[in-house]
Colleague: 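Handing you this structure, nothing more for now.
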There are 2 protein chains.
Amino acid sequence: MDAIHKKVGKNLQAVRKSRGLSLDQTAELTGVSKAMIGQIERGDSNPTISVLWKIVNGLKISFTSLIEESKTEVTVVETERLEAFEEEDGAYRAFPMFPYDQRKGFEIYAVRMDPGCSHESEPHNEDVEEYIVVTGGSLEVEVDGETYAIGAGNAVRFPADQPHAYRNNTDQVTSYITLIHYPS
Amino acid sequence: MDAIHKKVGKNLQAVRKSRGLSLDQTAELTGVSKAMIGQIERGDSNPTISVLWKIVNGLKISFTSLIEESKTEVTVVETERLEAFEEEDGAYRAFPMFPYDQRKGFEIYAVRMDPGCSHESEPHNEDVEEYIVVTGGSLEVEVDGETYAIGAGNAVRFPADQPHAYRNNTDQVTSYITLIHYPS
DNA sequence: TACGAATGTATAATATATTGTACGAAGCGA
DNA sequence: TCGCTTCGTACAATATATTATACATTCGTA
């Protein structure tokens, strides 16, 4: 699922078969060897971009159609099964629930912060926005010198192209969901 | 210009420099070696799709942003300098003025047909359309058993997912522009 | 049944993508 | 100027992408 070249292989084979083309015919149309096309379809090879370019142009299809997920599938994620990025000696734990997807332009983490934990984040690039929904405990967010207290069930959004910090001043674990949106 | 990997290199370098990143930092972010990133930027290497995928995800950019032309440039095409696809012993000559561009989804040819020339075209795939503007002489187009006579200055459009034929029954050279549109 | 054509796969040879390391150039304080 | 760092490039070693060829299977046909 995550291996891009396998996705490309599936998509390519889908296009080829939907047109009733053989490997030989496809090789003729694209200028890429039959063996290579077969390997790409099976996921046995990691095509260079030049080869993909030839295929795309020979078949008169878009580049995107090869790298796109054929359909958006149901994806169930269990936080406990994810491997967290830990910071602050494990007191700050970020679980990548939906990793960055360049077609969507955002990523979603579930974060847990132990009592007393404080975490500073490097500024992101311009026009990057962060959305936070606190799901448990209470969170202090500091942006541009201002501090905002967000209780469970509440949310905040802020431009993340500047240094910002998260603090859990309570005596219980605070959890929140954060969505980071990158400009297209 | 036409070499895809050089375009990718330019775009990648543009992104990296606009963020003030060094090769080392980019390597750190993407998990791709510094040497490789340098080679890609210079066009010395033809990256595999997996490597591009890592870069795209590490930098939080879209795949498309790497393969797109940074800006649409002015492109002047002189038909006489183009190499024609010849058929019917050279009596049918097709000049690729604007070759297939998957982002646009179409391609444009200039065609010259000698007097008496007749040319049959294989059916294209479903939902492919052909637009023809006759610029000189007169053209007979046969689609689905029907024949249409198109004089200079006139045009025709038809679905090209069936056999179709072109004929020049006049005693002079007929020329026309044809645009072939492929579905997305 | 046998044959020929067409399919997708396996194999070996070659080209090249990818990496780790080392190098020279350019900035920057002391 | 000297060191120190950071930058991008050059190099050699290795992994692997790509090709041409040969192979096994299937299918239609005589």
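In what follows, chains carry the letters A, B, and so on, assigned in the order in which the sequence lines appear, proteins first and then strands, with residues in each chain numbered from 1.
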Colleague: Please write out the pairs of protein N or O atoms and N or O atoms of nucleotides 25-29 of chain C separated by less than 3.5 Å, giving the distance to one decimal.
Modeller:
none

Colleague: May I ask you to list the residues sharing a hydrophobic cluster with Val173(A), side-chain cutoff 4.5 Å, ordered by chain and number?
Modeller: none

Colleague: Checking Arg157(A) now: which residues fulfil salt bridge (charged side-chain N to carboxylate O under 4.0 Å, His left out) with it, not counting sequence neighbours?
Modeller: none

Colleague: Using only side-chain N and O atoms of Ser22(B), determine if any of them is under 4.0 Å from OP1 or OP2 of dC7(D).
Modeller: yes

Colleague: Hey, are Glu28(A) and Lys34(A) close enough for a salt bridge, meaning a charged N less than 4.0 Å from a carboxylate O?
Modeller: no

Colleague: Anything under 3.5 Å between a donor and an acceptor, one on a side chain of residues 117-129 of chain A, the other on a protein residue two or more places apart or in another chain? List them.
Modeller:
| unit_1 | atom_1 | unit_2 | atom_2 | d |
| --- | --- | --- | --- | --- |
| His119(A) | ND1 | Glu88(A) | OE2 | 2.8 |
| Ser121(A) | OG | His164(A) | NE2 | 3.3 |
| Glu129(A) | OE1 | Tyr131(A) | OH | 2.8 |

Colleague: My understanding is that only residues two or more places apart in sequence, or in another chain, count here; which of them pass side chain to side chain donor-acceptor pair (under 3.5 Å) with Arg112(B)?
Modeller: none

Colleague: For nucleotides 19-22 of chain C, tabulate all protein N/O to nucleotide N/O atom pairs closer than 3.5 Å, reporting atom names and distance.
Modeller:
| unit_1 | atom_1 | unit_2 | atom_2 | d |
| --- | --- | --- | --- | --- |
| dT19(C) | OP2 | Ser33(B) | N | 3.2 |
| dT19(C) | OP2 | Ser33(B) | OG | 3.1 |

Colleague: Just to confirm, is there a sub-4.0 Å distance from OP1 or OP2 of dA17(C) to any side-chain nitrogen or oxygen of Thr48(A)?
Modeller: no

Colleague: Would you jot down, in residue-number order, the residues of residues 55-63 of chain B having a non-hydrogen atom under 4.0 Å from DNA chain C?
Modeller: none

Colleague: Check Glu68(A) with Lys7(A), please: is the shortest side-chain N to carboxylate O separation under 4.0 Å?
Modeller: no

Colleague: Quick check for you: to the nearest 0.5 Å, what is the distance between Met97(A) atom CE and Phe95(A) atom CZ?
Modeller: 9.5 Å

Colleague: Grab the CD-P distance between Glu28(A) and dT19(D) for me, whole Å please.
Modeller: 14 Å

Colleague: Starting from P on dT18(C), measure out to CD1 on Ile49(B) and report it in whole angstrom.
Modeller: 11 Å

Colleague: In whole angstroms, how far is the C1' atom of dC7(D) from the CG atom of Leu21(B)?
Modeller: 13 Å

Colleague: Not counting sequence neighbours, which residues clear salt bridge (charged side-chain N to carboxylate O under 4.0 Å, His left out) with Asp161(A)? List them please.
Modeller: none

Colleague: What residues join Val133(A) in its hydrophobic cluster, counting side-chain heavy atom gaps under 4.5 Å, either direct or through other members?
Modeller: none

Colleague: What pairs with Glu142(B) under salt bridge (charged side-chain N to carboxylate O under 4.0 Å, His left out), at least two apart in sequence or on another chain?
Modeller: Arg167(B)

Colleague: Do Ile177(A) and Ile132(A) come within less than 4.5 Å of each other through their side chains, counting heavy atoms only?
Modeller: no

Colleague: Grab the CD-C1' distance between Gln13(B) and dT9(D) for me, whole Å please.
Modeller: 13 Å

Colleague: Could you give the CG-to-P distance, from Asp24(B) to dT9(D), as a whole number of Å?
Modeller: 12 Å

Colleague: Would you say a side-chain N or O of Arg16(B) is under 4.0 Å from OP1 or OP2 of dC7(D)?
Modeller: no

Colleague: Please work out which residues in residues 40-47 of chain B have a non-hydrogen atom less than 4.0 Å from an atom of DNA chain C and list them by number.
Modeller: Asp44(B), Ser45(B), Asn46(B), Pro47(B)

Colleague: Give, for atom CG of Asp44(A) and atom NE2 of His5(A), the distance between the pair rounded to the nearest 0.5 Å.
Modeller: 8.0 Å

Colleague: Does Asn169(B) have any side chain to side chain donor-acceptor pair (under 3.5 Å) partners at least two apart in sequence or in another chain, and if so, which?
Modeller: Glu140(B)

